[in-house]
Amino acid sequence: MAEKVLLIYTGGTIGMGRNPLTGALEPLDFNHLVESMPEFRQLQTSVEVYQFTPPIDSSDMDPRLWAQLVRIISDRYDEYDGFVILHGTDTMAYTASALSFMLENLTKPVILTGSQLPVGQLRTDGRENLITSVELAAYKDKDGHAMVPEVCIYFSGRLLRGNRSTKKNADGFNAFDTFNYPHLCDAGVNFDFHNHHILQPDFSRPMTPHFAMDPHVVVFSLFPGIQENIIRHVLDAPELKGIVMRSYGSGNAPQSPWLNGLLAKAAQRGVVIVNISQCVAGKVEMSRYDTGFHLKKAGVISGYDSTVEAAVTKLMFLQAQHSDSHIIRNLMNKSIAGEITI
Ligand code: ASP
């Protein structure tokens, strides 16, 4: 029997067309996409479609829509061998990271893909991205289990762990990478799976969906000249529960007493402050330099080699699950879906 894959079309460049009045690209109905792709009819895998109405530019993605994606997948989990989500590239790494936490013990592939050029254009990268994603979502190992039971991003010949991915190029076809984790599969003439890097869930246990995210978080970057009054307004916001602070190098920050004081005050009232690096590769080691060590003393925790997308969505996920900040801090220091290397 042919494998079955559910294709969830959320929007993004892949299905966009040009507005004749403004000349700008805007999301189109999925039927337009199917008409532009006769390859659909040649696929060995049976593909069914769920379409967001209206389709969105991924700049409009939010936690409510992540919950909708979790609902779509969990309600149909037993009917399909895998899931492909067509998504704009701009926030694809955030959605992939969020879903990796929200779909606990995932035993089937959930592959996000999209394209840099609409599928109707001659030089589009969308056809290959879409067709290969469907093939990967249907791929089984010799025991009949999904070959890649993870939330992934497939783009330009590479299958990447979703919560390790970052959009690195606004124009190039090779738009995503995982700077701190190897590829899960390279798709050339054949699929070259890197098995020992692929997560292995407990296939005897069910997948547990989670729908809640608590977005009371902020991300801020350090830079020379950062101003106390501006940061004070952010850190003193009473609704704030989590901070992702993008520091320098291996987790360093200026030694200004005001910054330390504000961070320590926030940490004392239970705000979870996660230190991640502004560098795309490498990890935070707060004990390496004195400029990192004083952050540790202020109550800032290490985000290790996390991407900003994984850190912020993991905080949202944990804040929705737990009210005790000690538990959240503890879980931020563990890999819960392969997102960090401890
Ligand atoms: N703005 C588009 C989006 O993220 C870009 C893309 O699809 O690549 O929806």
Side-chain angles (χ1 to χ4, degrees), residues 7-37 39-40 49-69 72 83-100 110-134 136-137 151-160 162-179 187 213 215 219 280 307-310 312-313 316:
L7 187 61
I8 306 168
Y9 174 62
T10 68
T13 299
I14 194 162
M16 286 186 182
R18 225 167 263 292
N19 179 321
L21 295 177
T22 63
L25 287 173
E26 58 183 32
L28 293 181
D29 191 71
F30 185 79
N31 295 323
H32 162 85
L33 196 136
V34 174
E35 279 158 25
S36 316
M37 282 196 61
E39 293 92 333
F40 262 116
V49 175
Y50 184 101
Q51 156 158 227
F52 269 34
T53 32
I56 58 158
D57 186 294
S58 79
S59 304
D60 290 323
M61 192 45 78
D62 68 16
R64 196 178 42 85
L65 293 171
W66 293 336
Q68 190 181 331
L69 284 168
I72 295 164
F83 301 84
V84 171
I85 302 177
L86 292 181
H87 194 290
T89 55
D90 290 346
T91 61
M92 190 185 289
Y94 287 93
T95 299
S97 300
L99 294 182
S100 76
V110 172
I111 301 180
L112 288 96
T113 195
S115 67
Q116 295 283 52
L117 279 178
V119 88
Q121 290 195 12
L122 207 53
R123 290 179 54 248
T124 185
D125 50 332
R127 288 161 203 262
E128 195 277 320
N129 285 348
L130 172 48
I131 298 298
T132 306
S133 295
V134 170
L136 287 166
V151 178
C152 312
I153 288 183
Y154 178 77
F155 229 85
S156 194
R158 293 131 161 227
L159 186 68
L160 309 170
N163 59 30
R164 295 285 194 149
S165 305
T166 296
K167 183 174 178 182
K168 65 168 185 182
N169 196 321
D171 313 311
F173 288 156
N174 190 1
F176 286 89
D177 216 335
T178 48
F179 294 95
M213 294 294 259
V219 180
V280 287
T307 60
V308 67
E309 295 90 337
V312 73
T313 53
M316 288 187 195

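Order of appearance sets the numbers: ligands from 1, and atoms from 1 within every ligand. Computed from a predicted model, the values in this text were never measured in an experiment.
- By the 3.5 Å distance cut-off applied to N or O atoms, D57 is counted among the residues near ligand 1.
- Residue S115 places a heavy atom less than 4.0 Å from ligand 1.
- Considering both main-chain and side-chain atoms, K167 never comes within under 3.5 Å of ligand 1 through any nitrogen or oxygen pair.
- Taking CG from L117 and CG from D171, the interatomic distance works out to 10.0 Å, rounded to the nearest 0.5 Å.
- Near G12, the atoms of ligand 1 lying under 4.0 angstrom from a non-hydrogen atom of the residue are 7 (O), 9 (O).
- Residues V308 and V219 have side chains in contact (heavy-atom distance under 4.5 Å, counting atoms from C-beta outward).
- At under 3.5 Å, not a single nitrogen or oxygen of S59, backbone or side chain, sits near a nitrogen or oxygen of ligand 1.
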Exercise. After noting the C-alpha distance and the side-chain angles of N163 and V151, does the key distance pass the side chain to side chain contact (heavy atoms under 4.5 Å, CB included) rule?
Worked result: CA-CA 8 Å; N163 59 30; V151 178; over 6 Å; no
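- When only modelled atom types and interatomic distance are considered, Q116 and D125 share no side-chain donor-acceptor pair under 3.5 Å.
- In terms of protein heavy-atom proximity, atom 8 (O) of ligand 1 is closest to T89 OG1, 2.3 Å.
- Side-chain contact between E309 and T91 is absent, with no heavy atoms from C-beta onward closer than 4.5 Å.
- Scanning the protein heavy atoms around atom 5 (C) of ligand 1, the nearest turns out to be T13 OG1, 3.3 Å.
- Across every non-hydrogen atom of M316 and P63, the tightest pair is SD-CG, 4.3 Å.
- Checking only distances, T91 never comes within under 3.5 Å of ligand 1, N or O to N or O.
- With respect to atom 4 (O) of ligand 1, the closest heavy atom belonging to the protein is S58 OG, 2.5 Å.
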